[in-house]
Protein chains: 2
Amino acid sequence: MARTVGSNGPKTMEAIRKAGLRLIYTQGYEAMSLRRLAAEVGIQAGSLYNHITTKQDLLFDLIKVHMDELLERLDQALDGIADPEDRLQAFIAFHVGYHIARKREVFICYSELRSLESKNYDIVVGLRQQYERKLIGILDDGVASGRFTVADTTVAAYGILAMLTGVCTWFKPAGRLSKEEVTGIYTGMVRHGLVRTVDAPAVAEAT
Amino acid sequence: MARTVGSNGPKTMEAIRKAGLRLIYTQGYEAMSLRRLAAEVGIQAGSLYNHITTKQDLLFDLIKVHMDELLERLDQALDGIADPEDRLQAFIAFHVGYHIARKREVFICYSELRSLESKNYDIVVGLRQQYERKLIGILDDGVASGRFTVADTTVAAYGILAMLTGVCTWFKPAGRLSKEEVTGIYTGMVRHGLVRTVDAPAVAEAT
DNA sequence: CTGTTATAAAAACGTATGTTCGTAATTAAA
DNA sequence: TTTAATTACGAACATACGTTTTTATAACAG
């Protein structure tokens, strides 16, 4: 009835984050009880407070860390690419790949926003806007340089993001399509339309 | 301390559904307490049970009624239209219009799925699949009759749905774009791509 | 008017929640 | 070896939850 053999702070914290992510993904933040979380980690509920400050802080931390990483990796993916067309292609590939790999993190970032206290909420929404603006920037650049034709830059950006993010809801690693095939299909749909009529064919689809 | 003057069953039930919808939309199902719901309606928590059987049943009823209406209205919108191209156009217009008008219902249908007990969950997922299959059917018909070219029917269908449903997250009735303009933009993006390159222009955009 | 049904109040029930506290044992530092 | 910092247990706290029950009055049907 005290500190247990082999107990280790950082290791426990990581277990809390991992179990918390899974439980919030499957049950939702409000529905996840700290007793259940503690049980998954293998400790008592009160012991959680040696590692977290509040339940809310755990949620915010999970989301914040993910958003920071998302932004950082996007910068890496776009680094050194200048041409708007190539940047758009790189954005699509990055977004699809990342959302397939981190579907749980992505999901709670959207679905648990309303469980964040207003201060935390504002921070996360700000980060998400930063991400959105990267794509809007790519489209604007392409339009400004005369390379792109876009009906409405903002609507197109939100449309692309919604369409690509949807991959989380149906993609299965062992499914019919590979990650690369999916990326290719999405890229084609962004560039040439999702449904084309035969009597009005698009131009050659070089890949 | 008993039945109040002017109390009326159906009227109270409607008030419960209306307040419930709003509270679940803003706070989430788990976060909405029945005491808060009752207060919004102007009755005591226990009195809710003269109108609902359980909290879960209220959620399921809200979602089920919405899904039924969604399917019925879609059938009306497509009724009498035979050409795949026209049907696709009608689907897009219907989906965008309905999702703009009922953004709260739509939102809880997606976000509160995991709060449904498994039996209720299965029913709702079944209804949603019915809806998705309507669109897939339109695409399949177009492909079969040689009118459409689609990279991957299923991916395209999910892509269209995700892209169109995204309208809920940003559309404001008093905003820059009207419902009709938005529908037009989305239709164009589905048919000709979200971003086109200038040196590979699509064909004339007849409307 | 009488009898029945519908609706709400009020109080209570059992349970679950996030969180705190005191204590004990382990680990790490001196 | 001694000392200090970590980490977990176990019990408890106050509060909130969904739900049930009893009771009283309003609405309605005959």
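Since we're looking at a predicted model, the values are computed, not measured. So that the names make sense, note that chain A is the first sequence line, chain B the second, and so on, each numbered from 1. Worth knowing before you read on, the calculation uses all heavy atoms, side chains too, and leaves out hydrogens, waters and symmetry mates.
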Taking N and O atoms by type only, does the side chain of S47(B) place a donor or acceptor under 3.5 Å from a partner on the base of dA9(C)?
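Counting by modelled atom types and ignoring angles, a donor-acceptor contact under 3.5 Å is found here.
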Please state whether the base of dA8(C) and the side chain of N50(B) form at least one donor-acceptor pair under 3.5 Å?
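Check passes, donor-acceptor contact within cut-off.
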Lys/Arg-Asp/Glu bridge criterion (N-O < 4.0 Å) met for [X], [Y]:
X	Y	value
R73(A)	E69(A)	yes
R176(B)	E181(B)	no
K134(B)	D75(B)	yes

Which atom names give the shortest non-hydrogen contact between E85(B) and R191(B), and what distance separates them?
CG-NH1, 3.4 Å
Please evaluate residues S115(B) and E112(B) with respect to the criterion side-chain hydrogen bond (donor to acceptor under 3.5 Å, both in side chains), reporting the C-alpha separation (whole Å), side-chain torsions for both, the decisive distance (0.1 Å), and the verdict.
CA-CA 5 Å; S115(B) 295; E112(B) 298 301 348; 3.2 Å; yes
Residue pair Y29(B), F60(B): steps toward the ring-ring contact (aromatic ring centres under 6.0 Å, His included) verdict:
CA-CA 11 Å; Y29(B) 170 75; F60(B) 176 63; over 10 Å; no
Of the nucleotides dA8(D), dC9(D), dT7(D), which one has an atom closest to the side chain of P10(A)?
dT7(D)
So does H51(B) get a side-chain nitrogen or oxygen closer than 4.0 Å to the phosphate oxygens (OP1/OP2) of dA8(C)?
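True: H51(B) side-chain N/O within range (under 4.0 Å) of dA8(C) OP1/OP2.
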Quick check on dA8(D): is either OP1 or OP2 less than 4.0 Å from any side-chain nitrogen or oxygen of T12(A)?
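It does, given that an N or O in the side chain of T12(A) lies less than 4.0 Å from OP1 or OP2 of dA8(D).
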Difference in axis direction between the ends of the helix from dC1(C)-dG30(D) to dA30(C)-dT1(D), five pairs, 10°:
20°
Gap between atoms [atom1] and [atom2], on [X] and [N] respectively (whole Å):
X	N	atom1	atom2	result
I43(B)	dA10(C)	CD1	P	13 Å
L48(A)	dC21(C)	CG	P	17 Å
K11(B)	dA27(D)	NZ	C1'	13 Å
R36(B)	dT19(D)	CZ	P	18 Å
Q44(B)	dA12(C)	CD	P	14 Å

More than 12 heavy atoms from other groups under 6.0 Å of NZ on K103(A):
yes
I'd like to compare against my own output: the B/S/- annotation of nucleotides 14-19 of chain C with a strict under-4.0 Å heavy-atom distance to protein.
---BBB
Run through I63(A), D68(A), D122(A) and flag the one making a side-chain contact (heavy atoms from CB on, under 4.5 Å) with L127(A).
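So the option named by the test is D68(A).
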What about the rings of Y131(B) and F91(B), do their centers lie closer together than 6.0 Å?
yes
